[in-house]
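A quick write-up on the structure given underneath.
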Amino acid sequence: MKRATQILLLVLSIGLLMGSDGQAVRFQKLGDKIMCTCSCGQMLLKCNHVGCPDSAKMIGQLHDQLGDGRTGGGATETAGIAASIKPNGGNGSAGATKSDEDVLNFFRSEWGVTAVVEPSQHGFELLAWILPFVGLIAGMILLMLVVAKWKRRHAQTVTTEPTLDPHMDALRARARRETEI
Amino acid sequence: MPTLGSFCLLFALALSLYSFVVGIIGVARKDRAGYVLAETARRAGIASFVAVSGAALALVWAALNNDFSLAYIQEHSNRALPIPYKLAALWSGQEGSLLFWAWLLSGYGFVLRLRHKVDQRLVATTSMILAGIQIFFLVLVTFVARPFGVNPPPIAADGNGLNPLLQYAEMVIHPPMLYLGYVGFSVPFAFALAALIMKYPGEKWIHITRRWTMVTWLFLTCGIFLGAHWAYAVLGWGGYWGWDPVENASLLPWLSGTAFLHSVMMQEKRGMMKAWNVWLIFTTFMLSIFGTLLTRSGIVQSVHSFARSSIGSWFAGDFGWTGTPWHSIPYIYPGFLEIIFGVCLWYYLKNRSHLQSENKLESLVSRESSFLFNNLVLLAACFAVLCGTLFPILSEWVRGYKITVGAPFFNKVMIPIGLFLIFLTGVGPLLAWRNTSVGSLRKNFAIPAGMAVLVGILLPFIGVSPKGDMAHFYSWLTFVLSALVTTTIVSEFIRGGRVLQGKLQTNIFGAMYHLTRRNMRRYGGYVVHFGVILVVIGVAGQAFNQEKEQEMSLGDKLTVGHYVLVGQDYSQDDNANYESQSALLDVYKDGKYLTRLDPETRIFKASRQPNHIVANYSTLKEDLYVIYEGNNPDTNHPIIKAFVNPLVAWVWIGVVVIIFGTGLALVPNAQQIRSTVPVTVGVPSVDPKGMSTAGAGK
């Protein structure tokens, strides 16, 4: 019981630590999931090539969606030249309550599904998130079943074997230890 | 030269066909005539290497002599291209790289056929399988993607030049390394299939291919990291791994090959997992072919768009409808991958009784189960990468559009899997074969677990805290698990060394040296694990990256992290190959002058493509990575971008350690060292709790 409480406390504290994302971190995190649509093939916050027609507008929209009241520059040092341009319109507080997925969905609808570099977490695209872990879990279950089957067979075999001399056991173990290094 | 090259390819194809068909007949016949036929097939295989080498040389000769009558040379070379890059033209395009594939395969086949005395019957069947693979690639380069295709007159005065991104020293060796890795898996694959076809008794094919597989794995590892270093030094985005589909294509066979290298030990040691191992090497080979398909066909969007064509159907097959909607006929034909899979499946179903395990797993807490879990996690990682890479294609089939699956997806999915794998790397060596008692488990885990906890507690004091975002938590956890693994490795060396120390009457380091010499594979493997941990530590530093970009005129300052960059000079240059702009920046750290950096951007004349020459000040603690982004057209001021990337150097150091460790594992063991002190074996001196794990070798 004591151990279970300790584990619970540990999990809770880790959860609390994880939940302490600030808006700045959120801006960075979401900016790294959106791709600049100008065909440069770069992530939004990394795209800073001169004269980019899209990145400034997109960064402005990201600020709007987050409702962080900023007009560019970002909370970190990354936003670059494009971010210093004022976003076009939008209510600074409109997105204050939007979840990350809502913000990404905004970009999907505004700039096309290819603008976000991770699949959405609903509909068909949810499959991309589920498949790897389903594969891992299915593999683990299969492995457990196979091992359990092997163990059962082994137990049956062992019961039919004659009892070994413990003295010989010790010698055998020592021989194994000294020859396997 | 084009005629000679084409003739060489045709001749090589004929020889490979002979080697394949006559090889089958020779292997099928058990009499003297069969032996003679198999011998002629072997010699034809050897001769095919000479013929393909002739074709490869003809293409290189054409590149060196600016023979723009060849469409391939005109497309991938130009007069001003430096000679090393002209050599690289062999693998810089579709047709050339397929020829390169065929040449490497014939080279591997050449070595194998020369060493046929290791087991003549097994090698004869293996040689026949390799000839079959060779035929596929030779058909491609002879009829489909022809490197010796000739331009119609008039012949161009100059070529289009090599892709600027490829004009970098590492790029001359990165593709060959990667290809040596891809192609090299053909050999263990062919041996495994041959052993299955022949129902070959015992594990001889594994003993023969052990070094082949390790060398191949090493080539692939080097190729992957050379590519990562090239991306870091040339692409100028501040990172080295972007989860690009082509990067993923190289990772897939690496993951399954790594699983094979581990699980094969189970077969050698305990006669287990025979069917599993056979399928692992089949899968690894098919993933290598799949990697070539991804790299060469352009079926997924990639920054590696150096070579694209419609040869995909030759690899993966095709299906659909021909003709008009009223007179349409369905068609379906298999590609090379389907044929390979079909052959493997056929022989597996036919001869699977041959692959029965000799032993069964006795406990979940054992070395065997740790290998099983290790395999499971590596394959889950492989599956996850495959899912993410192919999901855009799947979404196009299902939804009609290609969604983008980029780094955020892969990081979210792969980091937890990777951390679990690191945990297993730490735990596995502490478990004994067959079974591990709770007592010995506790005893062996105490120090590594204690060290991991200690590191976890101390890390926040040096600024690595699990607080903040998920990346920081993952980074902290990575360091903790790295401490666990490192302590495990060190304790394995010390524990084994202590056992020998008494016998050899030497110091602990001498004992550890002898220990390693007695079991190079096992202790070399630990060194490889340590190298992997160094790489992982380097990767974990990414969570603390900083970057900044700004316009800088003379005397302007840019501050990033502890560094201040001051613009000293900006210049332009022009030569036959490219125009360039560069900056001279003085770097100060905490107010003290540190060094001078000169980032540069080049515009290549042949292609008009820009390329960054990164200026990097690298230390063990962090890299200051600076790029010249270009000029602001309004102000004409240079735009400088600077990154502070912590711990990156450890990635490259880790790779060197991996290479060293693999080298150790390839060295044969020294003769068993005889004890200089008589050992009295008595029951009372044996500690039953310690017996199960101390020295429990791989």
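Numbers restart at 1 for each chain; the letters A, B, ... are given by sequence-line order, proteins then strands. Computed from a predicted structure; not experimentally measured.
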Exercise for the section: Please flag which part of Val405(B) lies under 4.5 Å from any non-hydrogen atom of chain A: side chain, backbone, both or neither. Expected result: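 Contact with chain A involves both backbone and side-chain atoms of Val405(B).
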Handout entry: Contact class of Met144(A) relative to chain B, heavy atoms under 4.5 angstrom
Key =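 Side chain of Met144(A) only, per the 4.5 Å heavy-atom cut-off to chain B.
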Practice task
Heavy-atom distances under 4.5 Å only: say whether Leu142(A) touches chain B with side chain, backbone, both or neither.
Solution key: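 Neither part.
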Handout entry: All pairs passing side-chain hydrogen bond (donor to acceptor under 3.5 Å, both in side chains) where residues 132-141 of chain A contributes a residue, at least two apart
Key =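 Every candidate side-chain hydrogen bond (donor to acceptor under 3.5 Å, both in side chains) pair involving residues 132-141 of chain A fails, so no pair, neighbours aside, qualifies.
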Nearest 0.5 Å please: distance from the [atom1] atom of [X] over to the [atom2] atom of [Y].
X	Y	atom1	atom2	answer
Thr404(B)	Arg108(A)	OG1	CZ	9.5 Å
Phe124(A)	Phe391(B)	CZ	CZ	4.0 Å
Leu143(A)	Leu372(B)	CG	CG	5.0 Å
Leu131(A)	Leu394(B)	CG	CG	8.0 Å

Practice task
Could you have a look at Ile417(B), Val377(B), Ile403(B) and say which one has the most heavy-atom pairs with chain A under 4.5 angstrom?
Solution key: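 Option with the greatest count: Ile403(B).
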Handout entry: Residue pair Phe410(B), Glu118(A): steps toward the side chain to side chain contact (heavy atoms under 4.5 Å, CB included) verdict
Key = CA-CA 9 Å; Phe410(B) 287 105; Glu118(A) 65 173 37; over 6 Å; no
Practice task
Please report the C-alpha distance between Phe133(A) and Val413(B) in whole Å, then the side-chain angles of each, then the deciding distance to 0.1 Å, and finally whether the side chain to side chain contact (heavy atoms under 4.5 Å, CB included) criterion is met.
Solution key: CA-CA 8 Å; Phe133(A) 294 104; Val413(B) 173; 4.1 Å; yes
Practice task
For residues Pro119(A) and Phe409(B), report the shortest heavy-atom separation together with the two atoms involved.
Solution key: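 Closest approach of Pro119(A) to Phe409(B): CD-CD1, 3.7 Å.
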Exercise for the section: Kindly give the heavy-atom pair with the smallest separation between Ala380(B) and Leu136(A), and that separation in Å. Expected result: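 Residues Ala380(B) and Leu136(A), closest heavy atoms: CB-CD1, 3.3 Å.
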Handout entry: Those residues that, when tested against Ala138(A), pass side-chain contact (heavy atoms from CB on, under 4.5 Å) (two or more places apart)
Key =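 If we apply the side-chain contact (heavy atoms from CB on, under 4.5 Å) test to Ala138(A), skipping adjacent residues, there are no hits.
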